[in-house]
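To keep things clear, I will list the structure first and then write my remarks on it.
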Amino acid sequence: MARERIVSGAPVTPDEDILQFTLRPRTLNDYVGQRELKEKLQVLLDAAKMRNESVEHVLLYGPPGLGKTTLAHIIAHEMGSKLISTSGPALQRTGDLMGILTNLNEGDILFIDEIHRLSPVIEEFIYPAMEDFKVDFVVDKGAFAKVINVPLKRFTLVGATTRAGMLSAPLRDRFGLYYHIDFYEASDLQTIVLRSASLLDTPIDRESALTIAQRSRGTPRIANRLLRRVRDYAAVKGDGNATPELAAKALEAEGVDPKGLDELDRKLIRIIIEYYKGGPVGIEALAATLSEEIDTLVDMVEPYLLKIGYIQRTKRGRMASLDAARHLGMKLPGTAQETLF
Ligand code: ADP
């Protein structure tokens with residue numbers, strides 16, 4: 001269900017995936033915002049180039065659509081190396097990973113998306129590959145079992161995860177750089193919208209770009225998606241030029257409010273306030289009441305609501321804040337209001 005949300009951080013349609021490819025920055029210079037991360041990466045890349053070595057393994061953690069895959073591509077581009085892409089759930093058997101690892105060349109970048117979903121067996125298998133650039137492969141079974149030690153070329157693993165908490169400590173420790181990508185500031189998203197608009201030959205002024213940016217939940221992928229909705233709306237309802245009013249109308253028509261919340265966000269807040277008296281309520285109960293997957297709520301809905309302080313995660317469950325209630329024109333039941341604020 002969430003895959004169809006206009007404010008989802010995940011790609012929604014296959015052609016959107018293709019378009020994202022066009023809009024994806026190729027160099028660190030073109031990568032907007034995230035200054036601290038860019039500085040750290042630049043040092044890592046420069047050091048590797050100076051020593052003529054592969055880049056240290058990098059782990060990127062953050063909600064979908066914030067630019068983790070983009071960074072993996074940028075690292076490969078900046079190092080002039082090849083990127084091989086896979087994901088945690090795609091690596092089912094050690095043989096799958098063995099095939100990929102032994103085909104890697106010196107300096108290649110192996111990108112593993114959703115790395116928190118690697119099975120424990122694959123995780124064990126990947127440790128020596130990351131640390132000593134070798135894998136121990138067991139052939140035959142029982143009394144005939146033999147361990148073959150296969151050396152690998154020095155590659156770089158770039159891991160991406162939306163759930164750092166689900167990563168085992170030994171795996172996390174094997175990365176040279178571990179970075180949490182946070183939501184983007186509206187001004188950075190505005191720059192991204194202007195950049196994308198120019199790549200898409202769409203005339204847009206700074207103010208309209210800001211209107212889109214402010215409703216993009218701090219997420220570049222959503223900013224690009226909303227830009228296209230505004231472009232279509234301006235073409236059909238106006239003369240093709242976006243204005244801030246037209247942009248706001250286009251997004252309202254899509255159910256995206258001035259804070260970037262959509263119906264699912266609002267429903268979640270409403271349910272906490274109405275059904276659960278402001279909370280606390282466990283995520284399982286929330287998911288059941290909303291008929292949504294827990295993963296969808298945890299990965300796609302909650303992070304932004306937490307970020308803007310509309311909900312709080314406590315040991316006893318989720319609570320709605322006074323700001324959230326105000327945003328929806330609701331009252332927070334007494335107890336929750338007093339304990340929280
Ligand atoms: P993730 O892997 O975190 O889900 P992606 O790397 O696929 O996110 O990013 C989604 C899209 O957002 C990219 O195709 C790109 O167009 C855009 N994007 C992400 N980060 C940036 C950035 N820092 N500057 C400009 N565009 C970005």
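Start at 1 and go down the list; that is how both ligands and their atoms are numbered. Please read these numbers as outputs of a predicted model, since none were measured by experiment.
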(Q) Between R163 and D295, does the salt bridge (charged side-chain N to carboxylate O under 4.0 Å, His left out) criterion hold? Intermediate values first, please. (A) CA-CA 10 Å; R163 304 266 191 103; D295 280 358; 3.0 Å; yes
**Q.** Distance-only N or O hit between ligand 1 and P25, under 3.5 Å
**A.** no
Q. Got a second to check how far Y179's OH is from L41's CG, nearest 0.5 Å?
A. 9.5 Å
Q: Would you please classify the geometry between the Y310 ring and the H327 ring as parallel, tilted or perpendicular, with 30° and 60° separating the classes?
A: tilted
**Q.** Protein residue, atom and distance nearest to atom 23 (N) of ligand 1, heavy-atom basis
**A.** V32 O, 2.9 Å
Q. Any N/O of P64 closer than 3.5 Å to an N/O of ligand 1?
A. no
Q) Counting distance only, does the side-chain N/O of K40 pair as donor-acceptor with the main-chain N or O of L177 below 3.5 Å? A) no
Q.
Just to be sure I read this right, does ligand 1 sit under 4.0 Å from the backbone of N224, its side chain, both, or neither, counting only heavy atoms?
A. side chain
Q: Looking only at protein heavy atoms, identify the closest one to atom 4 (O) of ligand 1 and say how far it is in Å.
A: G65 N, 2.8 Å
Q.
Is there a side-chain hydrogen bond (donor to acceptor under 3.5 Å, both in side chains) between T289 and Y276? Walk through the geometry before answering.
A. CA-CA 11 Å; T289 319; Y276 300 101; 2.8 Å; yes
Q: Give the atoms of ligand 1, by number and element, whose distance to some non-hydrogen atom of Y184 is under 4.0 Å.
A: 20 (N), 21 (C), 22 (C), 23 (N)
Q: Measure up the F133 and F155 rings against each other and bin them: parallel (under 30°), tilted (30 to 60°), perpendicular (over 60°).
A: perpendicular
Q | Nitrogen or oxygen atoms of T70 and ligand 1 under 3.5 Å apart | A | yes
Q) Nearest protein heavy atom to atom 2 (O) of ligand 1, by residue and atom, and its distance? A) T69 OG1, 2.5 Å
Q. Taking only heavy atoms of L23, which atoms of ligand 1 are found under 4.0 Å from at least one of them?
A. 16 (O)
Q) Given P220, A10, G33, which one has a non-hydrogen atom that is nearest to atom 17 (C) of ligand 1? A) P220
Q: For atom 8 (O) of ligand 1, grab the closest protein heavy atom and report residue, atom and distance to one decimal in Å.
A: G67 N, 3.1 Å
Q: Answer yes when D182 and K307 have at least one side-chain N-carboxylate O distance shorter than 4.0 Å, and no when they do not.
A: yes
Q) Would R93 and D96 pass as an ion pair if we require N to O under 4.0 Å? A) yes
Q: Quick one: closest heavy-atom pair of G309 and S321, and the distance?
A: O-OG, 2.7 Å
Q. Is there a nitrogen or oxygen of P63 sitting under 3.5 Å from a nitrogen or oxygen of ligand 1?
A. no
Q: Give a yes or no on whether a salt bridge exists between K267 and E274, defined as a side-chain N under 4.0 angstrom from a carboxylate O.
A: no
Q: Report yes if some N/O of L71 lies less than 3.5 Å from some N/O of ligand 1; otherwise report no.
A: no
Q. Tell me: protein heavy atom nearest atom 11 (C) of ligand 1, and distance?
A. Q20 OE1, 3.1 Å
Q.
Evaluate R195 for polar contact with ligand 1, using N/O atom pairs at a separation under 3.5 Å.
A. no
